[in-house]
Amino acid sequence: MTVEGYEVHITPSIGISKYPEHGSTLEDLMKDADAAMYLSKENGKNGYSFFNVELSEEKSRKMMIENALKKAVQKNQFVLYYQPKVELRTNKIIGMEALLRWQHPELGWISPVEFIPVAEETGQIVSIGEWVLEEACRQNKQWQDAGYSPLNVSVNVSVLQFKHGKFLETVQQVLDKTALDTQYLELEITESIMQNIKESKKILESLQQLGIKISIDDFGTGYSSLHVLQKLPIDTLKIDKSFVDELDLDASNTMVKAIIDLGLNLNMTLVAEGIESENQMRVLIEHGCTIGQGYLFSKPVAPEDFEELMKVTELLKGKIAQSNMR
Ligand code: C2E
Ligand code: MG
Ligand code: MG
């Protein structure tokens, strides 16, 4: 059809549920039809899909997770794992990323890739995120008090937490409560914050004034406007794993080089995510990236295991200091 002189094409994506097989109430049937509609969209749009057994299983698992999540904080089912961030040339640990782990008594270990989106959909991410922030700051301060060299802890923040009116206040309260110096906290946000740029800019600037660092996680996979990027107080770009993976196929990968140059020119720190091979590490160093994370150095580990990793770094440092004295 034509709207105000422009030609507009519309295609339908249809989801179908059947009574009584898929549900007995209008609400249930509509929900199932809705899930089936998303399947049509996934399958390339412009078509129809019936609600089916797989969708039904997916739906019941999601409902189980949604219900179990409500009690997870209170029942102490969450643990934070830590993955070291290392200086690529020396393998020295310079910080760590806190990654949430959930062990449910019946469902077992559930991946954040599965439960974070559910927590976001239901709004539970706000209280879960608060727990994560406090636990990461508390742990980091405890390690500093125990005598380890101070490290930066990075905490992942969902855009929903960020948009929640009380975010700044929460961060401030957590820092006060845990007594962690603000310079040792870094927040990881994704490019999706750029959708609401005016508001995001204000919050980011306030966080910067507190002395907190900001990273853009999974950089290169979202919708960053380069124009906006240069106006925001961003300290670090984390190069998404998908780009690092490509270095194995094509070492001179121009996209990785372009991201590194972009970040360096904007005076940002670059961190490569998901480094798994020596080869990837070598090429990243050649391209000018100095910091990385990945299984090559260590998987995310439980706090007690992270402490062992820190001890190795402290020992190395001791050795370096000794050899300097000789
Ligand atoms: P992310 O923040 O980009 O974290 C990196 C993910 O890559 C982690 O997965 C980490 O375990 C994994 N990874 C690190 N190095 C390697 C590697 O060399 N190879 C491979 N194959 N994977 C590697 P994880 O822990 O499953 O977390 C997945 C995502 O869930 C995170 O991606 C983050 O977006 C989200 N997430 C985790 N914890 C939290 C949290 O506390 N709050 C929020 N909002 N999101 C979180
Ligand atoms: Mg992250
Ligand atoms: Mg990432």
Side-chain angles (χ1 to χ4, degrees), residues 65 69 72-73 77-86 88 93 95-103 109-140 152-164 167 170-171 174 185-193 213-222 224 234-248 259 269-281 284 291-303 305-306 309:
I65 288 183
L69 263 182
V73 169
Q77 291 168 350
F78 285 131
V79 193
L80 281 187
Y81 270 37
Y82 295 90
Q83 186 179 38
K85 231 192 272 180
V86 305
L88 295 178
I93 300 179
M96 61 278 187
E97 175 172 4
L99 291 155
L100 189 55
R101 297 290 177 264
W102 179 21
Q103 192 176 28
W109 289 97
I110 304 167
S111 161
V113 178
E114 186 175 10
F115 72 80
I116 295 280
V118 181
E120 284 176 338
E121 241 175 71
T122 57
Q124 296 174 76
I125 191 68
V126 175
S127 54
I128 294 173
E130 237 176 273
W131 180 86
V132 171
L133 189 67
E134 184 172 333
E135 176 55 19
C137 292
R138 187 203 61 75
Q139 179 68 82
N140 197 18
N152 267 1
V153 68
S154 304
V155 175
N156 292 288
V157 175
S158 152
V159 70
L160 265 145
Q161 279 171 271
F162 201 78
K163 278 202 287 199
H164 190 259
F167 184 66
T170 304
V171 173
V174 166
L185 175 63
E186 181 152 348
L187 301 178
E188 294 193 1
I189 50 182
T190 59
E191 289 168 89
S192 47
I193 58 127
K213 296 184 190 68
I214 306 287
S215 295
I216 301 280
D217 207 351
D218 310 333
F219 185 75
T221 60
S224 274
I234 308 279
D235 301 279
T236 304
L237 294 184
K238 294 190 81 175
I239 308 167
D240 190 68
K241 181 177 187 333
S242 54
F243 296 105
V244 174
D245 286 344
E246 279 167 28
L247 292 176
D248 280 336
I259 296 177
T269 304
L270 285 137
V271 177
E273 287 190 278
I275 304 175
E276 290 180 353
S277 70
E278 297 271 349
N279 176 51
Q280 292 168 348
M281 179 180 79
L284 284 162
I291 301 171
Q293 263 175 273
Y295 294 176
L296 179 65
F297 313 104
S298 167
K299 287 193 169 182
V301 293
D305 298 326
F306 190 78
L309 294 175

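Counting starts at 1 for both ligands and their atoms, in listed order. Just so you know, these numbers come straight off a predicted model, no measurement behind them.
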Next item on the list: Evaluate the salt bridge (Lys or Arg N to Asp or Glu O under 4.0 Å) criterion for residues Glu97 and Lys238: first the C-alpha distance (whole Å), next the side-chain angles of each, then the deciding distance (0.1 Å), finally the verdict.
Entry: CA-CA 12 Å; Glu97 175 172 4; Lys238 294 190 81 175; 2.9 Å; yes
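Its N, O or S atom nearest to the Mg ion (ligand 2) is what matters here, and for Asp217 that atom is OD2. The name of the N, O or S atom in Glu188 nearest to the Mg ion (ligand 2) is OE1. Looking only at N/O/S atoms, Glu97 comes nearest to the Mg ion (ligand 2) through OE2.
Note: Phe167 and Phe162 have tilted aromatic rings, judged against thresholds of 30 and 60 degrees for the angle between ring planes. A tilted orientation is assigned to the rings of Phe78 and Trp131, their planes being inclined by 30° to 60°.
Distance alone, capped at 3.5 Å, is enough to place a donor-acceptor pair between the Asp235 side chain and the Ile214 backbone.
Distances below 4.0 Å separate heavy atoms of Gly274 from the following atoms of ligand 1: 15 (N), 16 (C), 17 (C), 18 (O). Atoms of ligand 1 lying under 4.0 Å from any heavy atom of Gly294, numbered from 1 in the order shown and given with element: 15 (N), 18 (O). For ligand 1, the atoms lying closer than 4.0 Å to a non-hydrogen atom of Val113 are 28 (C).
Looking at ligand 1, you won't find any N or O of Gln293 less than 3.5 Å from one of its N or O atoms. Where the criterion is an N or O separation shorter than 3.5 Å, residue side chain and backbone included, Ser111 fails it with respect to ligand 1. Polar contact check, Leu100 against ligand 1: a nitrogen or oxygen pair lies under 3.5 Å apart.
The protein heavy atom nearest to atom 44 (N) of ligand 1 is Ser158 N, 3.6 Å.
You'll find the side chain of Cys137 reaches within 4.5 Å of the side chain of Leu185, heavy atoms only. Contact annotation: the side chain of Pro84 never approaches that of Gln293 to less than 4.5 Å [non-hydrogen atoms, C-beta and beyond]. Between Phe219 and Leu270 the shortest side-chain heavy-atom distance does not fall below 4.5 Å.
Draw a line from the Mg ion (ligand 3) to OD1 of Asp218 and another to OE2 of Glu273, and the angle between them is 140° (to 10°).
Within the 4.0 Å cut-off (strictly below), no protein heavy atom is located near atom 29 (C) of ligand 1. For atom 34 (O) of ligand 1, no protein heavy-atom neighbour is found at a distance under 4.0 Å.
Counting heavy atoms under 4.0 Å from ligand 1, residue Lys238 does not touch it at all.
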